[in-house]
Amino acid sequence: MEDNPLFNAGKGAALTMSGGVECDASVMTGDGAAGAVTACTRIKNPIRLARVVKEHTPHVLLINPDVDLATSHGIDVVDPEYFVTPARQEQLRRILAEEEAPLRHGTVGAVALDSHGHLAAATSTGGISKQFNGRVGDSPIIGAGTFARDGACALSCTGDGEAFLEGCVAHDIYARMAFGRLNLAEAIHATFDEEITRRGSTGGVIGIDAEGQVVLAHNSEMMFAACKNGVRIEVWT
Ligand SMILES: NC(=O)C[C@H](N)C(=O)O
């Protein structure tokens, strides 16, 4: 998905106010391990580098990581212009001219439960269009845009990153399940009501629980998702 310019992640990601791309990504496995990267300008697939941070460094979050870390793990490095598409440039022009509202959606995320009962979540984004240079949203922040815990749930969020950060949304959903004994759907709806809708913000989340129950929820107009269970694939909007 990071290679497909239709999504707001990797190539074709949302542009900052100065017309560049700064990619963020994070991954967490249900054993509690996590890795994340922010403000990547040359890493072709930021989500792969987030996994490298998780598995091959003593750290969780790297800002604008060295390209050497990527190349030493076989991850492609590209020129910053690789990410910038004419469609996004035209979109930024219209936003700067106040002909349309800034794009705040389009992030990509995935959640999974494997056959051993382990959960995982991953999120990748270019952020929001016309964002300040250096702005970081919820997507690379563990507990805000991404969270996974075996026995409970895995979650990946999209939407107004500031609200997801202030509401610690992914961890709040998990906490309602772990400590409030809500099921995944109840927890997501309670968190969305209190932390997203109440702030006047919009967004969505995909989640899966330890039994493989999948929940897609959003208070934005639309959100696309697909679910694969064995060989069966369902597409939701
Ligand atoms: N498109 C998005 O979902 C934006 C992302 N949540 C951010 O604020 O960076």
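Atoms within each ligand, like the ligands themselves, are counted from 1 in listed order.
- Within the 4.0 Å heavy-atom shell around ligand 1 one does not find Gly145.
- Connectivity analysis of hydrophobic side chains (ILVMFWY, heavy atoms under 4.5 Å, direct or indirect) links Met1 to Phe7, Val108.
- For ligand 1, the atoms sitting less than 4.0 Å from at least one non-hydrogen atom of Ser139 are 5 (C), 6 (N), numbered in the order shown with element in parentheses.
- Of the listed options Thr38, Val136, Thr107, Thr107 places a heavy atom closest to atom 3 (O) of ligand 1.
- One side chain, Asp3 or Asn45, offers a donor N or O that lies under 3.5 Å from an acceptor on the other.
- The closest approach between Gln131 and ligand 1 stays at or above 4.0 Å for every heavy atom of the residue.
- Between the side chains of Arg88 and Gln91, a donor-acceptor pair is found at a separation under 3.5 Å.
- Contacts of Glu22 with ligand 1, taken as heavy-atom pairs under 4.0 Å, are absent altogether.
- Salt bridge Glu194/Arg198: absent, no basic N to carboxylate O contact under 4.0 Å.
- Counted within 6.0 Å of CG on Leu6, heavy atoms from surrounding residues, nucleotides or ligands total more than 12; the atom is thus considered enclosed.
- If you check the side chains of Thr146 and Thr123, you find a donor sitting under 3.5 Å from an acceptor.
- Among the atoms of Gly161, some N or O lies under 3.5 angstrom from an N or O of ligand 1.
- Inclusion of Gly137 in the set of residues having an N or O under 3.5 Å from an N or O of ligand 1 is not warranted.
- Side-chain contact annotation: Asp24 with Ser139, donor-acceptor N/O pair under 3.5 Å absent.
- Every N/O-N/O distance between Asp160 and ligand 1 stays at or above 3.5 Å.
- Backbone and side-chain nitrogen or oxygen atoms of Thr158 are examined, and one is located within less than 3.5 angstrom of a nitrogen or oxygen of ligand 1.
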